[in-house]
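Shown next, in structure tokens, is the structure this report addresses.
Just so it is clear: chains get the letters A, B, ... in the order the sequence lines come, proteins before strands, and each one is counted from 1. In this text, all values refer to a predicted model and were calculated from it rather than measured experimentally.
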Amino acid sequence: MATSKPSLPKGTRDFGPEQSAKRSYIIDTIKKNFLKYGFSQIETPAMEQLSVLTGKYGDEGDQLLFKIVNSGDFLKKSNTQDYEAGSGQLLPKISEKGLRYDLTVPFARFVVMNQHEITFPFKRFQVQPVWRADRPQKGRYREFYQCDADIVGSNSLLNEAELTMLIHDVYSDLGYKGFVLKINHREILMELARYAGLKGKEMPFCVVIDKLDKIGQEKVTEELIGLGANESKLADILNVFNFIHDNISKIALIENLIGSNRGSSELSEYFNYLNAYEQGELKIELDFSLARGLSYYTGIIFEVKATDVQIGSITGGGRYDNLTGVFGMEGTSGVGISFGLDRIYDVLEELNLFPSALAQSSDVLIAHFDEQCMYHGLGLLQKLRSSGLRAEIFPESTKMKKQFNYADKKDIPFVLVIGSDEIANKKYSLKNMKDGSQEMLSIDQITEALSN
RNA sequence: GUGGUUGUAGUUCAGUUGGUUAGAACGCCUGAUUGUGGUUCAGGAGGUCGCCGGUUCGAGUCCGGUCUUCCACCCCA
């Protein structure tokens, strides 16, 4: 077989021991908090039927789905006419499965398929990779992890409040203070669009509004007038966006402009819940210009942004009133959030916020002078491990220099040396690699010393 | 999907208007050190210059294609 240079598919990465340790640290922190809030873990397959995935993410999303060609002779169901008719007709004949694009739609499928076994409200979390055929950039990968927590089967806004507290706990545990949790309500965006005279064009309105902090007010105004918006009403709206005040005052202001509505009353109720937790210093900012994508959100939406790192959104979520409806199960409302593991990693890395003690090295290495010493070491190895220590033995008898170098490179803090004297005296040299000190100790003394 | 950008040793990068045998630092290996790593010193190995093709007497250098990287759109974790 011809050899070839190995390479990775675009937008995918390997993770070495150090990176993996850091990723596990983030995942463990998030999982711990999911469990703390009463969520249970589920897992779903990497691939789903294409019929489950398509049409859930809009036309853009469908293009970004990775499709899997059918097994075996994947052309056998198609003919040249299908080929000439283009990919739209050919695709369903050669592909029936795709890689999941997010965790929410597979979860909706899971809920529908298991509705009779599930007790509602159902609180599930899921930490798995998803795939998007997007063009990669910094912080944008074709394979990345989402850490989702959703509550379905409950309309209560207390769930939104719970997720808000959860987000704060996660970032607090990760030691990251530079985030801001932005909140808005889909209904307010709709009302604002109608106020601006864009009835029927609410979605395009949201798309433009979402670019506000990127392209600025003038460009946004320009684009919205291009859509047919009323200029003076638009000025009213931008005025509200610029209003810097506490969140409660902002609700009053928006009601003043477009009247009381489902959005404003739900936001009030949400803030009332948060208030009752009696937890000060929540980093929540009501931002009426926040317009998250994902067409299925219908209620409160939120997004966590890093203020000190240029990376975009690191957590997002919101309420979807009828996600399971597309699978024939009506009236199940849900609310969820998704932590972007890969982006959180990039933030912690850039700000140097990973704990220094993440290295997964052994506590002690057993080094030896010859094969007989190595055999003797296996008994000691077993004693070290059964007392709870992380221990390893160098697997070949070779020069001391090489064995010590191994311990040094792997940051193993202690080396236990076995020679013929040691075996005779039942006392072994234990070297502290940090300060270079060394003493002769029995195996019991060593386990004792290292266990502290 | 549209437009641009990047690629040279394990890593970070030099490499002149196209011209002998493509360099440095760090890392790696060996020795100085026959019971001990990190420091020091001496020596050594390591390159299809992303890949394919073209122009040329001659290409790391110029041209085309392709893959990859990063960036701006679009969208998003």
Side-chain angles (χ1 to χ4, degrees), chain A residues 2-13 16 26 30 57-65 87 100-104 127-148 203-204 206-208 210-211 214-215 219 291-295 297 302-306 310-317 336-347 365-370 373 394 397-423 428-438 440:
Chain A
T3 57
S4 63
K5 261 189 185 173
S7 63
L8 283 173
K10 187 201 289 257
T12 65
R13 300 145 308 151
I26 298 173
I30 292 172
Y57 310 105
D59 293 341
E60 298 271 356
D62 285 354
Q63 282 200 323
L64 299 181
L65 285 175
S87 53
R100 63 164 168 258
Y101 178 90
D102 70 0
L103 299 178
T104 308
V127 177
Q128 290 189 279
V130 303
W131 294 269
R132 296 182 188 177
D134 208 351
R135 195 168 287 205
Q137 284 181 34
K138 191 180 185 67
R140 303 181 78 161
Y141 310 100
R142 290 187 139 185
E143 177 183 64
F144 60 95
Y145 268 70
Q146 289 191 329
C147 312
D148 276 29
M203 291 310 286
C206 291
V207 169
V208 177
D210 197 38
K211 293 192 279 188
K214 207 174 208 171
I215 62 175
K219 289 257 183 187
R292 284 183 53 73
L294 292 180
S295 38
Y297 289 128
F302 29 71
E303 181 163 289
V304 178
K305 286 184 173 166
Q310 190 97 35
I311 199 144
S313 158
I314 52 177
T315 295
I337 48 166
S338 178
F339 289 90
L341 166 64
D342 302 83
R343 287 191 178 176
I344 293 172
Y345 181 101
D346 289 346
V347 169
L365 172 77
I366 298 178
H368 41 80
F369 283 100
D370 54 39
C373 296
F394 201 86
S397 35
T398 180
K399 278 179 288 191
M400 256 318 131
K401 183 187 173 90
K402 186 163 184 183
Q403 302 185 51
F404 268 82
N405 197 41
Y406 176 83
D408 188 47
K409 286 286 150 63
K410 279 192 73 180
D411 276 321
I412 299 173
F414 289 93
V415 177
L416 188 164
V417 182
I418 304 174
S420 46
D421 293 352
E422 279 86 349
I423 294 176
Y428 311 93
S429 310
L430 183 69
K431 175 154 181 170
N432 180 329
M433 295 294 281
K434 225 171 206 162
D435 60 21
S437 66
Q438 188 166 326
M440 299 294 285

Salt bridge (Lys or Arg N to Asp or Glu O under 4.0 Å) involving [X] - partner list, sequence neighbours excluded:
X: A:Asp346; result: none
X: A:Arg13; result: A:Asp342
X: A:Lys410; result: A:Glu392

Pi stacking test for A:Phe144 and B:A77: under 5.5 Å apart, planes under 30°: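 Taking the rule of under 5.5 Å and under 30°, the ring of A:Phe144 does stack on B:A77.
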All side-chain hydrogen bond (donor to acceptor under 3.5 Å, both in side chains) counterparts of [X], not counting sequence neighbours:
X: A:Glu143; value: A:Trp131
X: A:Ser429; value: A:Glu422
X: A:Ser7; value: none

Nucleotides 28-37 of chain B: protein proximity per nucleotide (B base, S sugar-phosphate only, - neither; heavy atom, under 4.0 Å): S--S---BBB
Hey, does [X] reach any base, or is it just sugar-phosphate, or nothing, if we go heavy atoms under 4.0 Å?
X: A:Lys211; answer: sugar-phosphate
X: A:Val130; answer: nothing
X: A:Tyr145; answer: nothing

Under the side chain to side chain contact (heavy atoms under 4.5 Å, CB included) test, residues paired with A:Ser397 that sit two or more places apart: A:His368, A:Glu371
Set of residues satisfying side chain to side chain contact (heavy atoms under 4.5 Å, CB included) with respect to A:Arg140, sequence neighbours excluded: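 Per chain and number, A:Arg140 pairs via side chain to side chain contact (heavy atoms under 4.5 Å, CB included) with A:Asp134, A:Gln137, A:Arg343.
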Atom pair distance, as rounded to whole Å: CG in A:Asp342 and P in B:C76: 18 Å
Name of the residue among A:Asp102, A:Asp62, A:Thr104 meeting side chain to side chain donor-acceptor pair (under 3.5 Å) with A:Tyr57: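 Of the listed residues A:Asp102, A:Asp62, A:Thr104, the side chain to side chain donor-acceptor pair (under 3.5 Å) partner of A:Tyr57 is A:Asp102.
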Earlier contact from the 5' end, RNA chain B, for A:Ser313 and A:Leu8: A:Leu8
Using a cutoff of under 3.5 Å, can you pull out all pairs of nitrogen or oxygen atoms linking the protein to nucleotides 39-41 of chain B, with atom names and distances?
none

Nucleotide N/O to protein N/O under 3.5 Å, stretch nucleotides 1-4 of chain B:
unit_1	atom_1	unit_2	atom_2	d
B:U2	O4	A:Arg135	NE	3.4
B:U2	O4	A:Arg135	NH1	3.1
B:G3	O6	A:Arg135	NH1	3.2

Under the 3.5 Å Watson-Crick or G-U criterion, the dot-bracket string of RNA chain B, with | for inter-strand pairs: ((((..(..((((.....[...)))).(((((.......))))).....(((((..]....))))))..))))....
